[in-house]
Amino acid sequence: MRRTSLLRSPVHGPGHRRWWVTTALTVLALFGSAALTGPATAAAAAPQAWTPKPAPMTTPWTGQVPVDTPLPEYPRPQLTRPDWANLNGIWDFAVTSADAGRPASFPQQIRVPFVAESALSGIQRRITQNDKLWYKRTFTVPSGWNGRRVQLHFGASDWRTTVWVNDRQAGAPHSGGFDAFSFDITDLLGSGTNTVVVSVWDPTQTGGQAVGKQRISDVTPHPGGGIFYTAASGIWQTVWLEPTAPAHISRLDMVPDLTNNRLKVTVRGTGTNGHQARVTVSTGGSTVGTATGPVGSEFTVPVPSARRWTPDDPFLYDVRADLLSGGTTADSVGSYTGMRSVGVARVDGVLRPVLNGEFVFQTGTLDQGYWPDGIYTAPSDAALRYDLQKHKDLGFNMVRKHIKVEPQRWFYHADRLGLLVWQDMPSMDLRTPDAAARTQWEAEYDRVIDQHRSSPSVVMWVNQNEGWGQYDQARLANEVKAYDPSRLVNNMSGVNCCGSVDGGNGDVVDHHVYVGPGTTVPDAGRAAVLGEYGGLGLKVPGHEWYPGGGFSYEDQPDAAHLGNRFVGLLDAIREVRLPRGLSGAVYTEITDVENEANGLLTYDRQVVKVDEARVRAANRALIDASRSPAAPVTLPTGQYRSLGVTTPGLTNRYVRHRDGAVFTEVVDGGSSALLKNDATWRIVPGLADGSCYSFESRNYPGEYLRHRDYRVYKESGSGDLFRADATFCPVRGANGAVRLSARNFPEQYLRHYDAQLWLATPGGTHAWDSPALFAEDTTWTVAAPWAP
């Protein structure tokens, strides 16, 4: 039912705009009340014969998608008006050859905004570069909109989209798959019923445009595919109509200025010559600050004693912008903002990303935004929010949106839930792009930044990934930073991977390490982050996209091993890598995707594979450790020591070498001189890392404790691999003891097992990885030497 009294003015003509209560607008516009979308369904478009196709996997929302009004929520939460019309639903549909003109008939029907490859669209067919998609429907403009301009909005359509209204083309074709676009169709409208026709051509990876991980392939489950997935062609976000005044606000750019307790605002508009803008910041219906300034130029609004937006307290202020012409309000829009700052600073001598001037470790997942029923389009707004809520449930405070740009409501949910977003610009194909592709990609990137630059959750722009379509890395990083100086810029995620070339600039140096967490450290001017790690796989019977076809970076035999292994990675980051300069880490991944079985959740979102409370506690411990760092563990270099076992009942045993291998053995005052010498080690600065340590044999100088194929030996050697294998980083253990992590495998710890020394992995599948007494067996006393 539509609440007309809240949403419509009795007068709708030039110069007459209704005043609405900000809180009412927020509740109705942002939470997707049916009250907003009732009139939106302007003139039904098609018969009800349409049916969806069977989804390869069923999510909890697959069967809840309305036929005529899918995704009914207001689609643009940071620029809201009360009147709008949703055109999602059943459209007539046809596919022609790519070079064909408008077809004479539209023999099929499609549910917009689900892509033609998806089951929820009702089409579910392979689309190639040789095809062109055609959409058609009718609509009637509500009579209450008379006297106002009518805008036709597309949340996104992949890739080249051309629109006709009543057989007249609306503007120029739009090229882009991830940015919103609009047409003023007022002059194309007739009285009564109007017809809109849309054509879309999408070459996917055969073209030069941004495609992310889309690849032309079978649309039903099949083996293979690897890290690339089903293409998503055509309209994939909400299509809607909106009435505006001839002079109206088109965008709000908002940048918090915490230092000066103010919000920097630029109000952008159309037909606004001679107008002024007034911006009001409020909370709970009470005005916090207001200011008036020129349209198109920055001015500031005071926000005294601003409450900081953080992942733990994602507080949002209400914002209203009014367009003023003399004493008349020509247009008004609602919005919101979060007061926070983002930067890089030295914290205890280490370059770190800072939020509101403080370092907090950013722990998150790779979120690819794919769905087995809707592919690129979540089946509902609740589904769109669900993945973000799961990040919070699991204790993450960050999400990397991986080479896809979501609908604006996704950012709204991230803003409200309190997640730090690393937003990738979707990559082009792997090949080096030509000049035309570069021009298109950069223009679309600018539009993506413009459309999300006011979202408080977005803290980093990620330009390129693993060298895919790479070019001009340094220039692009500099230009993105200049275009949006309020955020961090990552010139290349995975600079150590796959032939990628580091531009050498930006705010972070970003490595990909599977399984990880690796040894990424800051450089002279950039903080250190781990853009991808993990990839632990678990196939859940009955919840596989292609049963038996799933793969991962490291398969786990069961949920217990997965949980132990994953928590072990988080603990290694906290214990070993955080103290040595790592500031953020992105786990691969939040859900399985097609044949990737790396998810913490299954692809259908039906099963959470890990213990949520345990993962949440591990993430919380990591975040807390970054806020209150413990003093680093140090060992006495240049001195001889013996390493004693702490496992109850075995505390009379010490690490000793014998015939080149390393064991534990009982050592006491009556032991032989040889045994005492074998159980004594000289502690020296780490051969591969001076912040860690190496252990040199007392009676065989030049030979060191060294791991090789998990077993630990006393060996000499040279080269980077040997030095890394012979370096161990201390971690604080219980009762003043230490644990020793392998420098090149931080998640693996020196452990005694059946009297032998091994590198043991929490959650590993070897006998020496056994969870029983794991912490005790990997904890050592650094005792007085048996052979001084």
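One-based numbering along the sequence shown.
- Counting only N and O atoms by type, the side chains of Gln151 and Thr244 include a donor and acceptor under 3.5 Å apart.
- Scored by the side-chain contact (heavy atoms from CB on, under 4.5 Å) test, Ser199 finds Lys132, Trp134, Thr162, Trp164 as partners (sequence neighbours excluded).
- Taking the ring-ring contact (aromatic ring centres under 6.0 Å, His included) definition, one finds that Trp201 meets it with nothing, sequence neighbours left out.
- Residue pairs that meet the ring-ring contact (aromatic ring centres under 6.0 Å, His included) test with at least one member in residues 436-458, sequence neighbours left out, are Phe411-His452, Trp441-Tyr445.
- The salt bridge (charged side-chain N to carboxylate O under 4.0 Å, His left out) test applied to Glu406 returns Lys401, Lys404, not counting sequence neighbours.
- For Ala477, the side-chain contact (heavy atoms from CB on, under 4.5 Å) test picks out Asn463, Val489, Asn491, Asn505, with sequence neighbours left out.
- Side-chain contact, Ser175 with Arg160: a donor N or O sits under 3.5 Å from an acceptor N or O.
- Checked against salt bridge (charged side-chain N to carboxylate O under 4.0 Å, His left out), Asp429 has the following partners two or more places apart in sequence or in another chain: Arg215, Arg431.
- Residue pairs meeting the ring-ring contact (aromatic ring centres under 6.0 Å, His included) criterion with at least one partner in residues 455-478, sequence neighbours excluded, are Phe228-Trp468.
- Electrostatic pairing of Asp131 and Arg125 counts as a salt bridge here, judged by a charged N lying under 4.0 Å from a carboxylate O.
- With sequence neighbours left out, the ring-ring contact (aromatic ring centres under 6.0 Å, His included) criterion links Trp159 to no other residue.
- Among residues two or more places apart in sequence or in another chain, the ring-ring contact (aromatic ring centres under 6.0 Å, His included) test is passed with His275 by none.
- Applying the salt bridge (charged side-chain N to carboxylate O under 4.0 Å, His left out) test to Arg251 and every residue at least two apart in sequence or in another chain returns Asp253, Asp450.
- Not counting sequence neighbours, Phe299 has no partner by the ring-ring contact (aromatic ring centres under 6.0 Å, His included) test.
- Every residue two or more places apart in sequence or in another chain that forms a salt bridge (charged side-chain N to carboxylate O under 4.0 Å, His left out) with Asp472 is listed here: Arg475.
- Ring-centre distance between Tyr135 and Phe93: below the 6.0 Å cut-off.
- In this structure, Thr80 contributes its side chain and Gly334 its backbone to a donor-acceptor pair below 3.5 Å.
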